[in-house]
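A quick write-up on the structure given underneath.
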Amino acid sequence: FVDGELLKSVAWEGELDAQSYYINYESGAVYIGVDPANRQVEITAHDSALVRTSAPVHGKTNDRKGPVIRGITFTQYAYRALEVEGKKQFTANDEPTDEPLGPADPATFGKEVIGTVLEDVTISFTSRVAGYFRGDGLVIRNSLVSDTGTEGIYVIGSADVLLERNIIRRNNIEELTGYYASAVKIFNQSHRVTIRDNLVIDHPHSNGVWYDVGNRDGVIVNNRVEGASDCFFFEISRGATVAGNVFVRCDKGARVLNSADVHLYNNTFVDAPASFERNERSKTRDHFGWHPATGPDVDEREGHVFVNNLLVAGAAFTRPLLRFEQPAALCETLTRPMANEVNGNVYVRARPDGAGAEPPLIVISPFANESCLATFTSLAALREALPAFESAGQQLDRTPRSIFKAPDLGRYELLQSIGTKPGAPTLPAHVREALGWNSAELQTADGKDQAPAGSAGRVGAYGHYPAVP
C-alpha cells in the first residue's frame, strides 16, 4: 500500500508502474514504482489475524467450541484474516478445501469446531480470502467483507450455517484470470447453508454466491447480487430454494450446472438471465478428481422448478432471458427436461423498433430436432412446441422504466402490481416461511388474491410501490 492505496503485484521489475509492486523472494527485495520519500508505504506483516486451531496447544486439547467475535476490524493480511480449522491444519502451500476428501458421511466432518459466530465485523484487504470457515453452526451476521483476493467468505464442509445481513463487495481485486473467484463460496458437501438478506455488489471479476461440489439443501432468500460474473451459481450439488432475490446485471443471474432439484420462486432478474445447464462431467475420470462424485450423476441432473419469477431486459440486453442447455452429444441419453415446472414467470422486453428481428427469449434443450436445441422469441411459440411450459406465463412489451419505480437508481419495486394469471402455480408453504412473507404481502394492489390461497399472488421479489395519497 502507498498512502493507503492498494498496489497490484507484477511478475518482474520491468512491469512496474505507480500502481504496482514486485517481490523477489530469492533476494528478499521489494520493489515499487514510485519514490517512497514522504509517502506512507505499508506491506502486510502477517498471514492471518486469528486461526482457531483444532490441534492441541500448550497442553490443552480442542474443546470444539467456536469463537465468538464481535465488533472487530481485521485488515491487510497476506493470506487470510481468519481461519477455523477442521481435522487438518493447512498451510498456504496446501489445498485448503480438501476436507473431506471425496464423498463422506456428514457425521464425520464439520464437528471439530462448532458454533463460530461473527457479528458486526469488518474484514478487508486480504490477499486471498477474508476467512476459511469450517464447522457446523457457523453464523456470520451484520458484517462487511470487502476488497479480497480469490474469495470473501469461504465455507467448507459445514452444516446448518447462516449468513445474513452482510455486505460483501469487491472480490478479486487483483483481477486474477485462470481462477474461478467468488465473493461467497459454499464448498465441499456443506448442508443446509442459508444465505439471507445480504448485499453482494461490485464483483466484475468474480462470481457473487457460489455453491460448489456436493452441497445439499441450500436456502438463498431475499438477497441482492449485482455486477458479478454469475450472480448466483449452484454447481454439482442437490437441493436449493432460491426465492425473493434480486439479480442485477450479471452475465448469468442464476446459473445451475450439473445439479438437481433447484427451485427458484419469485426472483427478480434485471439484465441477468437464468440458466440451467448440464454436461458430460461424471462421477468417474473427471479433471477435478473426486468433485463430481459428491453430486448428482449425469442422468440425475433434473427436477428443477422455475416459477413466478420476473425477468426484465433493457434495450441493450438482447440475449435470451431463460436458458436450458446441454451438449448435443447427450441428447440421445438425456431426453427428459431439466425442469419439472416452468410456469407463471413474466418476461419483460420492449419490442425492437422498425424491422429488426426480435431477440431470443427462451432457449430449450433437449428438444426433438436435429440440433437438440430450440430458440423461441415468444411465449406463444414456446407453448405451441411445449404446452407443458408457461401456461400461465406472461410476455410484456414494456421497458424497465415502465415496470420499476426507478431502475436508473437501482430501485426495482414495481410501479404497479403484475397479477398472476389464472392457473399460476402456488407458492409452497416452506418457501413462504423462508421468505417471511405474510398473507398481506401475497396480495396485489387491489387487496385481492389473484390466485388460490397459498399462491404467490405476484411475480418477482418485490410487491408494487404504493402510491402516496
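In this chain, residues are counted from 1 in sequence order.
- In plain terms, the two heavy atoms of Q89 and K87 that are nearest each other are NE2-O, 3.8 Å.
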* Chi angles and distances behind the side chain to side chain contact (heavy atoms under 4.5 Å, CB included) call for I195, V184 -> CA-CA 10 Å; I195 299 180; V184 178; 4.1 Å; yes

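- Counting heavy-atom neighbours within 6.0 Å of R64 CZ, excluding the residue itself, gives a total above 12.
- Listed by first then second residue, pairs satisfying ring pair (Phe, Tyr, Trp, His ring centres under 6.0 Å) with a partner in residues 153-176 read Y132-Y154, not counting sequence neighbours.
- Pairing each heavy atom of S182 with each of G208, the nearest pair is OG-O, 3.4 Å.
- A49 approaches F74 most closely through the heavy-atom pair CB-CD2, 3.5 Å.
- Inter-residue side-chain proximity for L6 and F125 is flagged as met; some heavy-atom pair is nearer than 4.5 Å.
- A salt bridge between D202 and R169 is absent, with no side-chain N of the basic residue lying under 4.0 Å from a carboxylate O of the acidic one.
- For Y22, the OH atom is densely surrounded, since the number of other residues' heavy atoms within 6.0 Å is greater than 12.
- One finds the OG1 atom of T148 at 9.5 Å from the CD1 atom of I168 (value rounded to the nearest 0.5 Å).
- In terms of the salt bridge (charged side-chain N to carboxylate O under 4.0 Å, His left out) criterion, residue partners of E302 (sequence neighbours excluded) are, by chain and number, R336.
- Checking S20 against D17 by side-chain atom types alone, a donor-acceptor pair falls below 3.5 Å.
- Side-chain atoms of T44 and Y77, non-hydrogen and from C-beta on, never get closer than 4.5 Å to each other.
- With respect to the salt-bridge test (charged N to carboxylate O, under 4.0 angstrom), the residues R165 and D197 do not qualify.
- Sorted by first and then second residue, the salt bridge (Lys or Arg N to Asp or Glu O under 4.0 Å) pairs with a member in residues 133-158 read E83-R134, K111-D136, E119-R141, R141-E164, D147-R170; sequence neighbours excluded.
- Put simply, the side chain of D35 gets close to the backbone of A37: a donor and an acceptor are under 3.5 Å apart.
- S127 and E174 share no donor-acceptor pair across their side chains, judged by distance under 3.5 Å alone.
- Ion pairing between a basic and an acidic side chain is recognised when a charged N comes within 4.0 Å of a carboxylate O; E85 and R52 show no such pairing.
- Donor-acceptor pairing under 3.5 Å is recorded for the side chains of S206 and N171.
- In this structure, OG in S143 is found 10.0 Å from CG in N198, a value given to the nearest 0.5 Å.
- The pair R238-D217 does not meet the salt-bridge criterion, since no charged nitrogen lies less than 4.0 angstrom from a carboxylate oxygen.
- Taking the six-membered ring where tryptophan is involved, the planes of F276 and H304 are tilted, since the angle between them lies from 30° to 60°.
- Counting all heavy atoms, side chain and backbone alike, C231 lies closest to F247 at CB-CD2, 3.6 Å.
- The salt bridge (charged side-chain N to carboxylate O under 4.0 Å, His left out) check on E175 picks up K8, with sequence neighbours excluded.
- Scanning all heavy atoms of the two residues, the minimum distance from V225 to C250 falls at O-SG, 4.4 Å.
- Between the side chain of N215 and the backbone N or O of H191, no donor-acceptor pair lies under 3.5 Å.
- The shortest distance between side-chain heavy atoms of R401 and P407 falls below 4.5 Å.
- With sequence neighbours excluded, the residues satisfying ring pair (Phe, Tyr, Trp, His ring centres under 6.0 Å) with F233 are W210.
- Annotation: side chain of V307 is in contact with side chain of E341 (closest heavy-atom distance under 4.5 Å).
- Going from atom NE2 of H430 over to atom OG1 of T241 covers 4.0 Å, rounded to the nearest 0.5 Å.
- Comment: D120 does not engage R70 in a salt bridge, judged by the lack of any side-chain N to carboxylate O separation of less than 4.0 angstrom.
- Using the six-membered ring where Trp is involved, F232 and Y211 have ring planes that are perpendicular, over 60° apart on the 30 and 60° scheme.
- A distance of 4.5 Å separates CD in E280 from CG in L330, rounded to the nearest 0.5 Å.
- For the pair N258/N279, a side-chain contact is recorded, criterion being any heavy-atom separation below 4.5 Å from C-beta on.
- For the pair E235 and R281, the salt-bridge criterion is met [side-chain N within less than 4.0 Å of a carboxylate O].
- The salt bridge (charged side-chain N to carboxylate O under 4.0 Å, His left out) search around D3 returns R39, not counting sequence neighbours.
- One finds the CD1 atom of I364 at 11.5 Å from the SG atom of C372 (value rounded to the nearest 0.5 Å).
- The existence of a salt bridge linking E277 and K252 is confirmed by a sub-4.0 Å separation between a basic side-chain nitrogen and an acidic carboxylate oxygen.
- The aromatic rings of H291 and F288 lie parallel to each other, with less than 30° between the two planes, well short of the 60° mark.
- Nearest heavy atoms, G157 versus P100: CA-CD, 4.4 Å.
- We find the CG-OH distance between N245 and Y265 to be 14.0 Å, quoted to the nearest 0.5 Å.
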* Would you check, one step at a time, whether the test side chain to side chain contact (heavy atoms under 4.5 Å, CB included) holds for T150 with V129? => CA-CA 6 Å; T150 54; V129 306; 3.7 Å; yes

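- The number of heavy-atom neighbours closer than 6.0 Å to CD of E433, taken from other residues, nucleotides and ligands shown, is 12 or below.
- Between L16 and Y31 there is a side-chain heavy-atom pair separated by less than 4.5 Å.
- Under the 3.5 Å distance criterion, the side-chain polar atoms of S402 are matched with a main-chain donor or acceptor of T399.
- For the pair I43 and F1, the minimum side-chain heavy-atom distance is 4.5 Å or more.
- For the pair F306 and L311, the minimum side-chain heavy-atom distance is below 4.5 Å.
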